[in-house]
There are 2 protein chains.
Amino acid sequence: MRLRYIELFHAVLSTGSLTGAANLLNISQPAASKALQQAENHLGFPLFSRVRGRLQPTQQALLMRHHIDRIMQEMYDLQRLSTNIARPESHPLRVTCTPTLAQTLVPDAIARLGKVYPDTSIELYTQHSAAMCESLMLRESDIGLTLQDMSRHGLLQQSLCDGSIMVIAPPGWWPERDLAKPLPISALAGQPMIGITVQDAMGNMLHGHLAEVEPAPRAHVWVQTYQLACSLVARGGGLALVDPFTARCSKEPLQTRPLKLQLDVTLRAVYRPDSPLNGVQTRFLDYVREFAQSLLA
Amino acid sequence: MRLRYIELFHAVLSTGSLTGAANLLNISQPAASKALQQAENHLGFPLFSRVRGRLQPTQQALLMRHHIDRIMQEMYDLQRLSTNIARPESHPLRVTCTPTLAQTLVPDAIARLGKVYPDTSIELYTQHSAAMCESLMLRESDIGLTLQDMSRHGLLQQSLCDGSIMVIAPPGWWPERDLAKPLPISALAGQPMIGITVQDAMGNMLHGHLAEVEPAPRAHVWVQTYQLACSLVARGGGLALVDPFTARCSKEPLQTRPLKLQLDVTLRAVYRPDSPLNGVQTRFLDYVREFAQSLLA
DNA sequence: CGGCACCCACAACCGACGGTTATGCCATCT
DNA sequence: AGATGGCATAACCGTCGGTTGTGGGTGCCG
């Protein structure tokens with residue numbers, strides 16, 4: 001099975017036509033046509049049935065689709081990896097963090113770092129945990145910052161700071177004098193809430209604890225990011241449970257209270273085990289840790 | 001990144017030399033040499049350092065190794081899949097089962113089926129669960145028989161028979177009259193046992209329950225298959241917990257007792273959701289179910 | 001219905017790439 | 001020193017992947 005056939009098959013299935021595939025691969029349409037015939041020849045069964053001048057994938061072709069999509073993905077990943085290996089590591093600091101942390105914490109740390117190392121080039125990405133893991137493994141970035149546990153995948157991680165889940169509410173929801181008092185989770189019973197659908201350990205933990213409250217809080221709106229939850233809460237959509245960074249950093253007018261049942265959240269730096277952190281990188285993490293701790297103090 | 005480069009890289013790393021790789025790929029050594037240079041050219045960094053006339057993989061090359069091995073595996077799988085798709089389905093019955101079930105149960109069913117359908121060609125493989133899953137997905141076999149839960153992976157499964165874990169011992173271990181009496185798990189405390197290291201749900205379950213016994217059973221020998229455990233037990237190595245099929249079917253002289261704490265084991269048939277079972281296949285499963293039930297009665 | 005746009009297949013042609021054989025150099029081993 | 005094994009280079013060649021050009025079929029419009 002030639003790789004060319006795989007690419008072509010993939011291109012035809014994603015564009016829907018042979019000419020489209022040819023354009024995608026930057027070859028002429030007859031070349032694609034010939035290659036497709038060769039592929040079918042080679043395989044011993046037709047991949048597409050020519051019906052009314054169009055290509056329609058065969059049953060057998062569809063059986064191979066998942067496999068071929070995977071291979072294309074792998075090839076693409078390898079491409080990324082190899083270019084990142086080839087690129088001279090002139091960038092001493094490439095950071096990827098979750099959207100939550102990109103709100104204020106990481107920009108603050110980067111700004112401060114820029115003053116100390118004015119000539120250092122810095123790259124900052126925001127990604128969710130799966131993409132972050134890929135980015136690190138494929139050497140597109142060197143440090144990941146997340147609230148998730150990522151000790152799987154063969155990555156090293158280092159705890160920077162501990163905090164705990166907070167409850168946020170529209171302004172005026174609680175009397176001012178109660179804001180420092182931890183809120184028992186039972187107080188959420190029957191309350192209108194913004195649900196978090198994010199598929200990570202923290203989301204599951206929240207979900208589990210909320211499920212025990214009786215009567216269950218009423219969540220009509222479900223969102224994927226903590227930041228969105230903030231915006232909705234500020235507009236009176238109800239309460240929400242969010243990580244402490246989002247709670248502190250949000251620009252929205254919000255009330256924030258700790259939860260009595262302390263649900264820990266840890267800010268972690270993640271990096272590859274084979275490349276120890278250089279001076280700029282460790283300094284950066286120092287700043288992040290410092291800012292985080294002062295933020296949660 | 002040409003596929004040829006990937007194959008070559010893989011071949012060099014697995015044979016250790018360029019000429020070896022060339023032989024593996026059925027090309028001449030100069031061709032391999034040129035291709036390798038092209039690959040390094042294309043990537044922008046050397047894959048091997050030529051030291052004293054030999055090739056030594058670079059640090060960068062080793063970074064790509066896992067990825068490339070995966071891709072080669074995927075390509076190989078695709079190859080298998082496509083040939084199995086191409087092959088006209090002249091084999092109405094291709095079965096794969098675990099070694100345990102291949103002992104007597106499956107051969108019995110096949111023998112009986114052969115009398116009813118004397119002209120049917122039958123293929124029988126024995127594989128462990130991961131390989132079984134692959135074999136089914138790649139259409140090398142049509143039905144899998146296992147004691148594992150394989151509802152993941154998008155496969156359908158059908159329960160054929162239920163049994164429970166048994167304790168086996170060397171002959172004369174227990175008085176004859178006790179053999180029907182269920183043994184409480186606490187009776188295993190401090191006993192010499194054969195450990196099972198098989199990495200499946202059942203193995204974990206056994207491990208979990210044994211961990212609770214105080215004092216813990218003494219397992220000096222660990223084996224990977226239930227059959228091996230039988231052999232060792234028969235030779236006086238101690239007790240063991242095994243699935244009921246192994247317990248009943250073993251040719252070794254053994255004593256078998258049920259466990260008081262009933263740990264269920266289910267015999268399952270697994271198959272692809274897209275290809276419903278034909279007549280021969282359902283008949284075969286009927287026989288397996290029948291034999292299994294009579295065996296465990 | 002004619003015109004048009006789109007899509008696929010076939011033919012003829014060409015350059016580059018993947019392969020070959022032959023040879024030389026270097027290191028290691030006896 | 002000679003033999004052996006491994007890699008690189010050179011010269012050569014056929015095939016394969018690409019091109020342009022063309023034709024036929026289908027569907028959509030005026």
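Values reported hereafter were calculated over all heavy atoms of this structure, with side chains retained and with hydrogens, waters and symmetry mates removed. In the text below, chain A, chain B and the rest are named by the order of the sequence lines, each starting its count at 1.
Of the candidates A:Val270, A:Leu160, A:Leu124, A:Leu160 is the only one forming a side chain to side chain contact (heavy atoms under 4.5 Å, CB included) with A:Leu145. Of the candidates B:Glu134, B:His128, B:Gln127, B:Thr96 forms a side chain to side chain donor-acceptor pair (under 3.5 Å) with just one, namely B:Gln127.
Here the range on DNA chain C touched by chain B, meaning any atom under 4.0 Å from one of its heavy atoms, is C:dG18 to C:dT28.
At a threshold of 4.0 Å, the pair A:Asp77-A:Arg80 counts as salt-bridged, since one of the basic side-chain nitrogens sits closer than that to a carboxylate oxygen.
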What is the per-nucleotide protein-contact pattern of nucleotides 6-11 of chain D, from the 5' end, where B denotes a base atom under 4.0 Å from a protein heavy atom, S denotes such proximity for sugar-phosphate atoms only, and - denotes neither? SBBBB-
Might you work through the side-chain hydrogen bond (donor to acceptor under 3.5 Å, both in side chains) test for A:Ser141 and A:Ser135, ending with a clear yes or no? CA-CA 6 Å; A:Ser141 47; A:Ser135 171; 2.5 Å; yes
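The CD atom of A:Gln37 sits 4.5 Å away from atom OG of A:Ser33, with the distance rounded to the nearest 0.5 Å. Here the CD1 atom belonging to A:Ile143 is positioned 13.5 Å from the CD atom belonging to A:Gln157, to the nearest 0.5 angstrom.
Within the 3.5 Å criterion, the main-chain N or O of A:Leu228 finds a donor-acceptor partner in the side chain of A:Thr225.
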